[in-house]
Amino acid sequence: MEASKVQRPEFQRLADTRVRSRLRKQLLDWFTESARDLPWRRDPTPYKVWVSEIMCQQTQIATVIPYFERFIAKYPDESALAQSDEAELMRLWEGLGYYRRARSLRAAAQVIVEEHQGQFPLAFDAVLALPGIGRYTAGAILSISQNQRLPILEGNTIRVFSRWIGMRDPVDEKATQDVLWQLSETMLPATKPSQVSREIGPAAFNQAAMELGALVCTPRQPKCLLCPVAKQCEAYRMGWQEEIPIKLGKTKYESRTEYAALLQDASKRWLVRQLPEGVRFAGMWDFPKAGPPQANSVQHFERWLSSELGGHVRLGDVNHTMKHAVTKYRITLQVHLADWKPEQDSLPKGNPLPTGWKYCTAAQLSKLPMSTTGRRLLKRVTARAD
DNA sequence: AATACGGGGTG
DNA sequence: CACCCAGTATT
């Protein structure tokens, strides 16, 4: 029997081709009934699937939907994206987080225009070579848009697949990931494009597996009684569904205090700068801000800002305190009103600011990308001014 | 292998 | 508050 040629014992009963086949059918029947109506599912071109996949990375679907609609309206194809103004693109992306995604997207569009004649490449290696696209995203784009038989593995499917086979090894280890990638591929329906439609091929299977993870096979309190494939699920059989996937690395959160200064010129414009490459929020605009190791205290911050600008900056008392989180950091931002007395010598005439710094009105800032916290701060201070 | 990268949703 | 989310790139 074909099933005796087991790929991997870790697959448990899914090593049997008939069991896999039954699971696939039940999953796909469920998906036909239960699939959400997501905007990128209506016309799954490589471009739209690509944009949706990048936006969805580490981001909940509900958050993405309005961003996706605005994005496609403004940048309908690779060429439009390649020619986009970076600040406008970042402004559109504002609030989604992981801003490098937006910059990589634009860079990749330029590669597509220059090296692929403006047509999204359909070869796995070419897709993988694009900036911002890793193994998951390359497989997702080509399986979903082209029905290519390519496996995927991300947050949902790590959980779904590891439960299916009752995986007790920590899923953050490479060996475990390898098993799950292999399972992901083994589970895919056969690829005979002439016979297999997008409805029951790899396109549907990959989306169905993720959809199951999002709607049924959830991180906590999975809805096993509603699960179309519970009968094939080892975790459910053993009662392990709450503990799988097992993770070793626990996030260590770190509290951190950062400082910001509100500094206006005679025309009440705000002192801001565009963050340089290589730092957090690169390319976005922000008020003067620093934290450890630049500024371990408000006195350090005052000194740091003085040396940045030249002359002497004097900070007032804390004017706002804002809490926000950036990855593992839990940041308390202390905002101070500030005065700046430039060195006389540094101002030959007019008021040339040091490189990188600029005064902007609130209206100008409304067109520039800022971090969510920066935008919230601006809203607060302008609301007060009214 | 470990870390950086955002911000919001959820129990 | 801790964990999670259609991950990737860098160290």
Side-chain angles (χ1 to χ4, degrees), chain A residues 35-36 38 40-41 44 48-68 90 93-105 107-108 127-141 143-145 150-161 170-177 181 184 203 206-215 217-222 242 245 247-256 275 277-284 286 322-331 369-376:
Chain A
R36 289 169 292 182
L38 302 177
W40 47 89
R41 285 187 176 158
K48 288 183 184 175
V49 174
W50 171 41
V51 172
S52 74
E53 289 299 337
I54 300 297
M55 285 188 171
C56 285
Q57 288 172 8
Q58 297 295 292
T59 308
Q60 307 217 219
I61 302 299
T63 306
V64 167
I65 292 174
Y67 283 90
F68 177 83
M90 299 297 280
W93 202 272
E94 191 180 293
L96 256 191
Y98 286 123
Y99 298 97
R100 185 170 56 185
R101 293 183 294 178
R103 297 149 72 86
S104 297
L105 207 50
V127 176
L128 190 60
L130 295 171
I133 295 185
R135 184 176 179 187
Y136 161 75
T137 304
I141 294 169
S143 64
I144 293 172
S145 72
L150 292 167
I152 58 163
L153 196 66
E154 39 64 76
N156 287 303
T157 42
I158 287 171
R159 188 171 59 253
V160 168
F161 296 159
V171 294
D172 33 18
E173 286 175 358
K174 186 177 187 316
T176 310
Q177 296 269 319
W181 273 106
S184 180
N206 283 343
Q207 293 182 87
M210 291 190 282
E211 197 83 337
L212 189 73
L215 301 181
C217 196
T218 46
R220 278 166 296 187
Q221 301 176 23
E242 295 276 3
K247 290 186 184 176
L248 236 40
K250 302 287 180 201
T251 324
K252 281 179 289 184
Y253 294 93
E254 194 176 320
S255 293
R256 184 181 164 91
L275 277 342
E277 298 301 312
V279 307
R280 218 157 62 188
F281 302 117
M284 305 185 83
D286 201 4
M322 305 176 74
K323 291 182 183 295
H324 66 115
V326 178
T327 62
K328 69 172 187 176
Y329 299 104
R330 298 165 52 179
I331 300 170
M370 303 181 80
S371 71
T372 294
T373 302
R375 185 71 63 195
R376 196 176 320 169

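Predicted model, so just to flag it, every value in this text is computed and none were measured. Quick note on labels: first sequence line is chain A, next is B, and so on, each numbered from 1. FYI, side chains are in, hydrogens and waters are out, and symmetry mates aren't considered; it's all heavy atoms of this structure.
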- Item | For A:Y136, side-chain hydrogen bond (donor to acceptor under 3.5 Å, both in side chains) partners two or more places apart | A:E53

- Is A:S52 touching bases, backbone alone, or none of the nucleic acid, heavy atoms closer than 4.0 Å? nothing

- Message: With heavy-atom distances below 4.5 Å as the criterion, would you say the side chains of A:I133 and A:I141 are in contact?
- Response: yes

- Message: Expected output is a numbered-order residue list: members of residues 151-159 of chain A with a heavy atom under 4.0 Å from any atom of DNA chain B. What is it?
- Response: none

- Note on the structure: B/S/- along nucleotides 5-11 of chain B (protein heavy atoms under 4.0 Å) is BBBBSBS

- Sugar-phosphate only, base, or nothing, as touched by A:I331 at under 4.0 Å among non-hydrogen atoms: nothing

- For nucleotides B:dA4 and C:dA6, find the distance between their P atoms and express it as a whole number of Å. 24 Å

- Applying side-chain hydrogen bond (donor to acceptor under 3.5 Å, both in side chains) to A:T176 and not counting sequence neighbours gives none

- Item | By side-chain hydrogen bond (donor to acceptor under 3.5 Å, both in side chains) - contacts of A:T157 (at least two apart) | A:E154

- Message: Please enumerate all residues that pass salt bridge (charged side-chain N to carboxylate O under 4.0 Å, His left out) together with A:R100, with sequence neighbours excluded.
- Response: none

- Could you tell me from which nucleotide to which nucleotide of DNA chain C, 5' to 3', there is an atom under 4.0 Å from chain A heavy atoms? C:dC1 to C:dA9

- Query: If the C1' atom of C:dC5 is compared with that of B:dA1, how far apart are they to the nearest Å?
  - Reply: 22 Å

- Applying side-chain hydrogen bond (donor to acceptor under 3.5 Å, both in side chains), name anything that partners A:K174, two or more places apart in sequence or on another chain. A:D178

- Item | Partners meeting side-chain contact (heavy atoms from CB on, under 4.5 Å) with A:Y253 (sequence neighbours left out) | A:T251, A:R330

- Which part of the nucleic acid, if any, lies within reach of A:R103 when heavy atoms closer than 4.0 Å are counted: base, sugar-phosphate only, or nothing? nothing

- Across all chains, not counting sequence neighbours, the salt bridge (charged side-chain N to carboxylate O under 4.0 Å, His left out) partners of A:R103 are A:E86, A:E277

- Item | Pairwise P distance, C:dT10 and B:dG6 [rounded to whole Å] | 14 Å

- Note on the structure: Those residues at least two apart in sequence (or on a different chain) that pass ring pair (Phe, Tyr, Trp, His ring centres under 6.0 Å) with A:F281 are none

- Query: DNA chain C: A:L128 or A:M210, which has the more 5' nearest nucleotide?
  - Reply: A:M210

- Item | For A:L105, side-chain contact (heavy atoms from CB on, under 4.5 Å) partners two or more places apart | A:W50, A:I54, A:F71, A:L81, A:W93

- With a non-hydrogen cut-off below 4.0 angstrom, is A:I54 in contact with a base, only sugar-phosphate, or nothing? nothing

- Item | Upstream residue (5' side of DNA chain C) when A:L38 and A:L130 are each assigned their closest nucleotide | A:L38

- Got a donor-acceptor contact below 3.5 angstrom from the A:E254 side chain to the A:K328 backbone? no

- Please work out if A:W40 contacts a base, only the sugar-phosphate, or nothing of the nucleic acid, heavy-atom cut-off 4.0 Å. base

- Item | Interatomic distance, A:L248 CG vs B:dA1 C1' [rounded to whole Å] | 12 Å

